[in-house]
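Numbers here are sequence positions counted from 1. Since we're looking at a predicted model, the values are computed, not measured.
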Amino acid sequence: AFLNLSVLKMSHHMNSSMLPTSHPPGHQHSTTASGHGHDMMMMAMTFHFSCENVPLLFSGLTINSPGEMAGAFVAVFFLAMFYEGLKIARECLLRKSQVSIRYNSMPVPGPNGTILMETHKTVGQQMLSLPHLLQTVLHIIQVVVSYFLMLIFMTYNGYLCIAVAAGAGTGYFFFSWKKAVVVDITEHCH
């Protein structure tokens with residue numbers, strides 16, 4: 001009898017979840033999961049431009065008005081910019097903290113069958129050092145922020161998705177020009 005009741009509840013839940021609903025995207029719908037009494041939130045799985053009942057990362061943080069959406073847009077925009085700036089800052093710090101420089105020369109073919117000597121600089125970093133510890137902490141922050149941005153994008157809210165993309169693009173524009181670009185002049189494949 002218990003098994004039949006569980007199957008009946010599961011069948012009812014699956015059938016009711018397959019029916020079209022007239023709820024707005026992101027509408028909270030309380031239901032029980034397998035009879036345990038846990039609340040679940042139904043979220044839209046398509047892009048939408050709603051300003052009501054839009055969850056944002058935490059259960060208590062829900063956008064319910066156009067003003068709140070505007071505030072969330074600005075916050076997400078700056079979070080995405082911060083992420084791009086953090087990536088570049090980590091690269092700059094890494095370059096400044098590199099130690100144990102070693103130079104290696106190797107022959108490479110030159111024009112008309114000549115042999116040229118090309119010198120490469122190899123650098124490293126010490127594991128037990130303050131710069132490496134700082135890099136580790138910044139890496140953790142970068143990973144957490146990247147997951148936050150991914151989860152925000154996965155709300156499928158068009159406004160928040162635009163904020164992530166626009167913030168990342170703006171951050172890249174402002175910070176990436178400082179990034180060193182290494183051009184290998186011996187590379188012949190374009």
Distance, nearest 0.5 Å, that separates [atom1] of [X] from [atom2] of [Y]:
X: L56; Y: F148; atom1: CG; atom2: CZ; answer: 10.0 Å
X: N157; Y: C51; atom1: CG; atom2: SG; answer: 7.0 Å
X: L160; Y: L57; atom1: CG; atom2: CG; answer: 9.0 Å

Which heavy atom of [X] sits nearest a heavy atom of [Y], and at what distance?
X: H139; Y: R90; answer: ND1-NH1, 3.4 Å
X: V145; Y: F82; answer: CG2-CE2, 4.0 Å
X: A163; Y: V76; answer: CB-CG1, 3.8 Å

Within the structure provided, determine whether [X] and [Y] are in side-chain contact (heavy-atom separation under 4.5 Å).
X: S50; Y: Y159; answer: no
X: E52; Y: I63; answer: no
X: C161; Y: Y156; answer: no
X: L79; Y: L149; answer: yes

* Got a sec, which residues hit side-chain contact (heavy atoms from CB on, under 4.5 Å) with I162, two or more places apart in sequence or on another chain? ->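 Applying side-chain contact (heavy atoms from CB on, under 4.5 Å) to I162 gives F49, F73.
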* Asked: By side-chain contact (heavy atoms from CB on, under 4.5 Å), which residues pair with S146, not counting sequence neighbours?
  ->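 By the side-chain contact (heavy atoms from CB on, under 4.5 Å) rule, S146 matches Y83.
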* Asked: Under 3.5 Å, is there a donor-acceptor pair between the side chain of S176 and the main chain of F173?
  ->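 Between the backbone of F173 and the side chain of S176 there is no qualifying donor-acceptor contact (under 3.5 Å).
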* To do: Using the salt bridge (charged side-chain N to carboxylate O under 4.0 Å, His left out) rule, collect all pairs that involve residues 67-86, keeping only residues at least two apart or in two chains.
  =>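 For residues 67-86, and leaving out neighbouring residues, the salt bridge (charged side-chain N to carboxylate O under 4.0 Å, His left out) pairs sorted by first residue read E84-K87.
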